[in-house]
4 protein chains.
Amino acid sequence: MTDITHTRQRRKEARPGEIIEAALILFHQKGYSATKLDDVARAAGVTKGTVYLYFSNKEALFKAAISETIHPNLDRIEELAINSTESATQRLRTAIASWATALNDCKGSISKLMISEAGNFPDLTDFYIETVVKRSRLLLIKLIQAGIDSGEFRQTDPDMLARVLFSPILLTSIWRHTYARQDPITYDLNQLAQFHLDIVLHGIAIAPEHTL
Amino acid sequence: MTDITHTRQRRKEARPGEIIEAALILFHQKGYSATKLDDVARAAGVTKGTVYLYFSNKEALFKAAISETIHPNLDRIEELAINSTESATQRLRTAIASWATALNDCKGSISKLMISEAGNFPDLTDFYIETVVKRSRLLLIKLIQAGIDSGEFRQTDPDMLARVLFSPILLTSIWRHTYARQDPITYDLNQLAQFHLDIVLHGIAIAPEHTL
Amino acid sequence: MTDITHTRQRRKEARPGEIIEAALILFHQKGYSATKLDDVARAAGVTKGTVYLYFSNKEALFKAAISETIHPNLDRIEELAINSTESATQRLRTAIASWATALNDCKGSISKLMISEAGNFPDLTDFYIETVVKRSRLLLIKLIQAGIDSGEFRQTDPDMLARVLFSPILLTSIWRHTYARQDPITYDLNQLAQFHLDIVLHGIAIAPEHTL
Amino acid sequence: MTDITHTRQRRKEARPGEIIEAALILFHQKGYSATKLDDVARAAGVTKGTVYLYFSNKEALFKAAISETIHPNLDRIEELAINSTESATQRLRTAIASWATALNDCKGSISKLMISEAGNFPDLTDFYIETVVKRSRLLLIKLIQAGIDSGEFRQTDPDMLARVLFSPILLTSIWRHTYARQDPITYDLNQLAQFHLDIVLHGIAIAPEHTL
DNA sequence: AATGAATGAGTGTTCATTCAT
DNA sequence: AATGAATGAACACTCATTCAT
């Protein structure tokens, strides 16, 4: 008798979110084309017609699923740049830990989905690259530059280093979302990130490498 | 007249390869589902019927495209493990350079494709993970372990380090194949790989990091 | 407050008529199938559900729209036959003028609609043919026959003449409702009808036509 | 064993015509919206997919059906204007007889279809009005003007008369195609047309009508 | 070996109809 | 009486697959 089990429920506010959630999972699992709207509807506990009540077509649903999932995360990223009293090293640790956490949730799905469908949704891809990718990378670059300026880090190419630092957590996140069955990854994403950061900061070579 | 017959005869044997080549490009650009056999056929310069002469169906074509492209690269990778006279550091450099080269070509496509379609082709994914991913990673782990054993590298987790070392080139390769338009990457893949390796070997921290 | 209640109360009784009016316009503009109940509802200022409050389904609404519009005109037509003191010629003029007036309003829509949808609504078509078409034609035939009997008209086929006399105003009415944009008709319908009647009564041939 | 009964026949040349023929009949019977492509296909002896082999979509099929049917008739109409040695009266008879014949065939369907769907296909309607309607009317106007100039006809409005002369055959043709079941018309179209023309030429009033 | 006309199952989308509020 | 969220059957359109030539 709880209002959850009603056949024809009236909950306009909740519906779009529920549909987006279901859609995101299926798009992630099967890809955009291979996902049938019937399946999305069933997974969301509605019928196909209801999906069209909230999204004008499949493409709009896909874009909404991406955008809606991205937006809440955008602000969280910016916050990281503000903790300015600590050392660059420490802020770098914090930033990467935050990303690792974010990628553990939904954002791993998004990253994978965008890789799969970028070619088919150019404008959505533009939006994603500008608002998520470049923004994140810029923040990382700033932190690295700050470390160089403060003398914490050796002189190096901040852009290249930013890419390098980001790669393991992003790729591993995608990997985990993709090959969970075939190649399970036992590491925690944050653990891996800090391991990498430690190595990048210290290096692993024991002997001075004049021989190279 | 002879010229035409020649062309035809040459083509006759080349057909499957031409179709696979065309298919790989399109699968990569648009994804498996969004790629029409009509387009593959047109791109290969044949008709749809001809595709079915060589591949029993779309799935078989996809699997062939993946497998055929993987195989030639597998052996090349193995060779690297044999040059054992050099230092572990040097062999690591060489191995990573080889991968960077391989990923510049077609293998970037494969990596991206597998990420997109792993969920829809479990057995193909098994094959890919076993023959490509794990094999490559194992080789990398061995080289790292050799470096540790020889005293060239500090004591560390070889598996984690292998993943970390592979991530930038693999992700950047995928990235370049995916976001060429929106986020062009100017670095040469090998350049990036060596940059990363240098940092991993040396570290970037100037001051001793007791404070961490 | 009273004003609003007033409006509502007035509306409550007027609802079916408002819906029919909106429906007739849309059916006429787009045809039965191409007209959506959503559009009818919106045009009538209500919601889709309200339409179903008054009409059991779309077909019923269509039939009601046709029938309701026809009925008020039926009686007016019959009145014409009663003014029997005048000459047949004069009664013919009056009758045709009445029809021209009637066709200027809504009946032109009906005629066009019936032509479009006759095949899909056989019973409605039966009703229309019996109550409107045949009844009108019969009246016309009677007037013509009266004219022949009174020596006002030459001996001729009254049925054929009735059809001929009706055609220009009916077709022009339909035409105007259909091709208003592409082929605007400047004539007043009654003007055209009387022009035709004049010609039919007078003949246009000046020379004696033995040669025919 | 005749090539008619083969399941998968190879007759690319005949197909479009067969499909158009089937489509025209169904569009005419049920209207555009109410006609299902499945039915068109079945009526043409093919499957739905085959329809799309020749027509990009339903609208294109509709337009093709209209256009293809109109075109062959266009030239026939023009020929009529050339027989210039005869009297205007005679040429008028011939022209109207030709139209009556043409309307007996397919053109009656077209006229009805255009009335039903004009609102939904503005550009097709433009084409129809310009190439068929106005062209025909202009020819009729010219013949009437010729008769006036030669003294065969009384001074009158040629445009109005053209419309009046055309109405009975056009409306009756539409009528017959629409209400064949409910209101069968026994007259031959040409018979009706000549009856009308006779009346128009002679007039039916015996007594001089000064009183009007 | 190669073609390309034909197929038909499958899917996105629409819309008349229902019903809880 | 009126709403409008939800439904689901129906239909336009696609495309992998087949097969006669």
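Remember, predicted model here, so these are calculated numbers, not experimental data. Order of the sequence lines fixes the chain letters, A, B, ..., with proteins taken first and strands second; residue numbering starts at 1 for each chain.
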Show the distances under 3.5 angstrom between N or O atoms of the protein and N or O atoms of nucleotides 11-15 of chain E.
unit_1: dT11(E); atom_1: OP1; unit_2: K36(A); atom_2: NZ; d: 3.4
unit_1: dG12(E); atom_1: OP1; unit_2: T35(A); atom_2: O; d: 3.3
unit_1: dG12(E); atom_1: OP1; unit_2: K58(A); atom_2: NZ; d: 3.0
unit_1: dG12(E); atom_1: OP2; unit_2: L37(A); atom_2: N; d: 3.0
unit_1: dT13(E); atom_1: OP2; unit_2: Y52(A); atom_2: OH; d: 2.4
unit_1: dT13(E); atom_1: OP2; unit_2: K58(A); atom_2: N; d: 2.9
unit_1: dT13(E); atom_1: O5'; unit_2: Y52(A); atom_2: OH; d: 3.0
unit_1: dT13(E); atom_1: O4; unit_2: K48(A); atom_2: NZ; d: 2.8
unit_1: dC15(E); atom_1: OP2; unit_2: K36(C); atom_2: NZ; d: 3.3

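With sequence neighbours excluded, no residue forms a side chain to side chain donor-acceptor pair (under 3.5 Å) with E68(A). Every residue was checked against the side chain to side chain donor-acceptor pair (under 3.5 Å) condition with T178(B), not counting sequence neighbours, and none meets it. With sequence neighbours excluded, the residues satisfying side chain to side chain donor-acceptor pair (under 3.5 Å) with E117(D) are N120(D). Annotation: side chain to side chain donor-acceptor pair (under 3.5 Å) contacts of R42(D) (sequence neighbours excluded): D39(D).
For the residue pair S116(C) and S116(D), a side-chain donor N or O sits within less than 3.5 Å of a side-chain acceptor on the partner.
In this structure, the nucleotide among dA1(F), dT3(E), dG8(F) sitting nearest to the side chain of T47(A) is dG8(F).
Taking a pair as Watson-Crick or G-U wobble with both distances under 3.5 Å, DNA chain E forms stems of 3 or more consecutive pairs at E:2-21 with F:2-21.
Summarising the geometry, the separation between CG on L53(C) and C1' on dT17(E) is reported as 13 Å, rounded to the nearest angstrom. Rounded to an integer number of Å, the gap from CZ of R42(D) to C1' of dA6(E) is 17 Å. Here the C1' atom of nucleotide dA2(E) and the CD1 atom of I19(B) are 11 Å apart, to the nearest Å. As rounded to whole Å, 15 Å separates atom P of dA5(F) from atom CD of E18(A). Rounding to whole angstrom units, CZ of residue F62(D) and P of dA12(F) are separated by 14 Å.
Considering only side-chain N and O atoms, T50(A) lies under 4.0 angstrom from the phosphate OP1 or OP2 of dT7(F). Contact annotation: Y54(A) side-chain N/O to dA6(F) OP1/OP2 distance is under 4.0 Å. When the side-chain nitrogen and oxygen atoms of R15(A) are compared with OP1 and OP2 of dA6(F), one or more of them lie within a distance under 4.0 Å.
Between F27(B) and F62(B), the ring-plane angle classifies as perpendicular under the 30° and 60° cut-offs.
The aromatic ring centroids of F121(D) and Y32(D) lie less than 6.0 Å from each other.
For the pair K58(D) (side chain) and T35(D) (backbone), a donor-acceptor distance under 3.5 Å is present.
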